[in-house]
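Have a look at the structure below before the remarks.
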Amino acid sequence: MKITKLTTYRIPPRWMLLKIETDEGVVGWGEPVIEGKARTVETAVHEFSQYLVGQDPRRINDLWQVMYRGGFYRGGAILMSAIAGIDQALWDIKGKALGVPVYQLLGGLVRDRMKTYSWVGGDRPADVIAGIKTLREAGFDTFKMNGTEEFGIIESSAAVDAAVARIAEIREAFGSQIEFGIDFHGRVAAPMAKVLLRELEPYRPLFVEEPVLAEQAEYYPRLAEATSIPLAAGERMFSRFEFKNVFQAGGISIVQPDLSHAGGISECLKIAGMAEAYDIALAPHCPLGPVALAACLHVDFVSYNAVLQEQSMGIHYNKGGELLDYVVNKEDFKIENGYIKPLPKPGLGVVIDEQRVIEASRNAPDWSNPLWRHPDGSVAEW
């Protein structure tokens, strides 16, 4: 079997799908993208095609190493996201060629169903109570929300009080009937992270995500020593070599690699195994599309330390497209009581509605995140 062609499709709301074709008619799908930099990742994918066309797609390990090590410069958001989507598509091809789901190729199931959670609120968290009530009717009992809006390096007591009051209202409304994580989204700098974590402790959030930016990872162990709230991070880290340093330093309780950013299934399996050795839970980051979610699930179902799976159904980023819009086998993605079962079909288990993808790609918008500013006019972290 030989790879013959790579085709990319940028589609709403902010996704990109990759189709890899072979001379035996077996096709694989991947999802290589950086939100807001889809065209840049698209270029990187096609630059990698020189290493792929004419090669056997089943030699996933070799092709991954060629893409990673074949060029002098490596790593980072763009290159690792391009590799990630290609890797996903290669696993899809291999599973389809052998007639089994990818998790069977990875040693088989370690659990029967996977716990998922749902986003609630938005970039500027509002109407959280109403959103949780609606999602509870759909069977969810675990949620994640943004913790703050713009937040200065040193912030006012009023801003702290507003962030804490929102969380207090949730506990008052639902008690211990639900669980929720709070995403600081890198908006909180180290001086205020310690303050917010202390103030939030009485409400026992499931975790606080990105308590500080990944480039400030040296604060993870210091913050962990100052709080009982589990700290989560990893969506803006892109290889096992970055995660290695964080694991060794300590402080993180939940690791959140993104299967479309951190080198795909091949790399994230290694990251998950490293995390298990440090007694760190796995909760892959996935506010993206159906192929990304499928890839996450295959890693979840073979990783003992996987505890939660993010998914994008109804997420506030989804304008012009929803998770299952491009999927034929929607029934396989059914979530019951907050859990999803293993995808039963060969490969990644996603049957892509290719015609719909092609049509949607013709007028796909270029998504970008908003640019926020502090009251003094300086740029704020989004």
Side-chain angles (χ1 to χ4, degrees), residues 109-123 125-148 163-185 197 200-211 227-235 253-256 258 280-288 290 292-294 296-297 299-301 303-318 322-324 330-343:
L109 299 175
V110 75
R111 56 180 45 83
D112 300 320
R113 57 182 187 161
M114 185 65 202
K115 184 76 169 180
T116 66
Y117 68 84
S118 183
W119 264 93
V120 66
D123 273 347
D127 299 323
V128 172
I129 300 293
I132 290 175
K133 287 179 179 178
T134 299
L135 287 164
R136 288 194 72 198
E137 293 174 2
F140 288 99
D141 63 5
T142 307
F143 307 92
K144 185 170 78 176
M145 65 209 70
N146 278 311
T148 72
V164 174
R166 188 181 305 110
I167 303 305
E169 289 174 359
I170 295 169
R171 273 291 179 234
E172 184 178 353
F174 301 102
S176 59
Q177 296 175 351
I178 67 166
E179 298 294 343
F180 56 85
I182 303 171
D183 191 353
F184 281 9
H185 217 251
L197 288 167
L200 290 168
E201 270 197 350
Y203 308 104
R204 294 186 296 172
L206 202 57
F207 58 84
V208 165
E209 179 173 331
E210 279 200 319
T227 184
S228 61
I229 301 172
L231 302 182
E235 69 184 72
S253 297
I254 304 172
V255 66
Q256 300 170 305
D258 190 305
I280 295 171
L282 174 71
H285 180 254
C286 190
L288 293 171
L293 177 58
C296 288
L297 290 170
V299 172
D300 291 331
F301 276 110
S303 299
Y304 176 77
N305 54 332
V307 293
L308 285 170
Q309 180 56 59
E310 180 176 20
Q311 53 80 36
S312 71
M313 294 181 191
I315 197 171
H316 52 285
Y317 301 124
N318 291 356
E322 269 292 342
L323 181 74
L324 299 181
K330 294 176 173 60
E331 68 282 356
D332 290 341
F333 286 82
K334 184 178 180 181
I335 295 176
E336 295 183 285
N337 298 319
Y339 287 88
I340 189 169
K341 292 181 179 179
L343 302 176

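What you are looking at is a predicted structure, and each value in this text was computed from that prediction instead of being measured.
A donor-acceptor pair is defined here as one N or O able to donate and one able to accept, closer than 3.5 Å; no such pair exists between the side chain of E322 and the backbone of L324. Formation of a donor-acceptor pair under 3.5 Å by the E201 side chain with backbone atoms of S228 is found in this model. Listed for the S312 side chain is a donor-acceptor partner under 3.5 Å among the backbone atoms of L288. Under the 3.5 Å distance criterion, the side-chain polar atoms of T116 are matched with a main-chain donor or acceptor of G338. Side-chain atoms of K341 do not come within 3.5 Å of backbone N or O of R113 as any donor-acceptor pair. No donor-acceptor distance shorter than 3.5 angstrom exists from the side chain of S303 to the backbone of N305, with no hydrogens or angles considered.
Here the CD1-OG1 distance, from I132 to T142, works out to 10.5 Å after rounding to the nearest 0.5 Å. A distance of 14.5 Å separates CD in E210 from CD1 in I182, rounded to the nearest 0.5 Å. Between the CD1 atom in I280 and the CD atom in Q256 there is a gap of 11.5 Å [rounded to 0.5 Å]. In this structure, OG in S118 is found 5.5 Å from CD in Q311, a value given to the nearest 0.5 Å.
When all heavy atoms are compared, the tightest approach of G121 to V128 is CA-CG2, 4.2 Å. Across every non-hydrogen atom of D258 and P287, the tightest pair is OD2-CD, 4.0 Å. Nearest approach of P230 to L206, heavy atoms of both residues: CG-O, 3.5 Å. The minimum heavy-atom distance linking V307 with M114 is given by the pair C-CE, 3.6 Å. A232 approaches P211 most closely through the heavy-atom pair O-CD, 3.5 Å. Between P284 and Q309, the shortest heavy-atom distance links the atoms O-NE2, 3.3 Å.
Residues R111 and F301 have side chains in contact (heavy-atom distance under 4.5 Å, counting atoms from C-beta outward). Two residues are said to be in side-chain contact when any heavy atoms from C-beta on lie closer than 4.5 Å; F207 and L308 meet this criterion. Two residues are said to be in side-chain contact when any heavy atoms from C-beta on lie closer than 4.5 Å; F174 and K133 meet this criterion. You'll find the side chain of S253 stays beyond 4.5 Å of the side chain of L231, heavy atoms only. Residues L293 and F333 form a side-chain contact, since some pair of their non-hydrogen atoms from C-beta on lies under 4.5 Å apart. Side-chain contact check for I335 versus F140: some heavy-atom pair is nearer than 4.5 Å. Between Y339 and D112, every side-chain heavy-atom pair lies at or beyond the 4.5 Å cut-off. Using a 4.5 Å cut-off on side-chain heavy atoms (C-beta onward), I340 and L297 make contact.
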Would you check, one step at a time, whether the test side-chain contact (heavy atoms from CB on, under 4.5 Å) holds for I178 with I170?
-> CA-CA 9 Å; I178 67 166; I170 295 169; 3.8 Å; yes
Derivation of the salt bridge (charged side-chain N to carboxylate O under 4.0 Å, His left out) call for K115 and D300 | CA-CA 10 Å; K115 184 76 169 180; D300 291 331; over 6 Å; no
Residues L282, Y304; criterion side-chain contact (heavy atoms from CB on, under 4.5 Å); working and verdict = CA-CA 9 Å; L282 174 71; Y304 176 77; over 6 Å; no
M145/R166 under side-chain contact (heavy atoms from CB on, under 4.5 Å): CA gap, chis, key distance, verdict = CA-CA 10 Å; M145 65 209 70; R166 188 181 305 110; 5.6 Å; no
Determine, step by step, whether F184 and V208 satisfy the side-chain contact (heavy atoms from CB on, under 4.5 Å) criterion, reporting the C-alpha distance in whole Å, the side-chain angles of both residues, the deciding distance to 0.1 Å, and the verdict.
-> CA-CA 7 Å; F184 281 9; V208 165; 3.8 Å; yes
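The number of heavy atoms from other shown groups lying within 6.0 Å of CD (E172) does not exceed 12. Other residues, nucleotides and ligands contribute more than 12 heavy atoms inside 6.0 Å of the NZ atom of K330. In this structure, R204 places its CZ atom where only 12 or fewer heavy-atom neighbours from other residues, nucleotides or ligands lie under 6.0 Å away.
With a 6.0 Å cutoff to the six-membered ring centre and a 45° limit on the axis angle, R171 does not count as a cation-pi contact of Y203.
A donor and an acceptor atom, one from each side chain of W119 and E310, are located under 3.5 Å apart.
No option in H285, K144, H185 other than K144 meets the side chain to side chain donor-acceptor pair (under 3.5 Å) test with E209.
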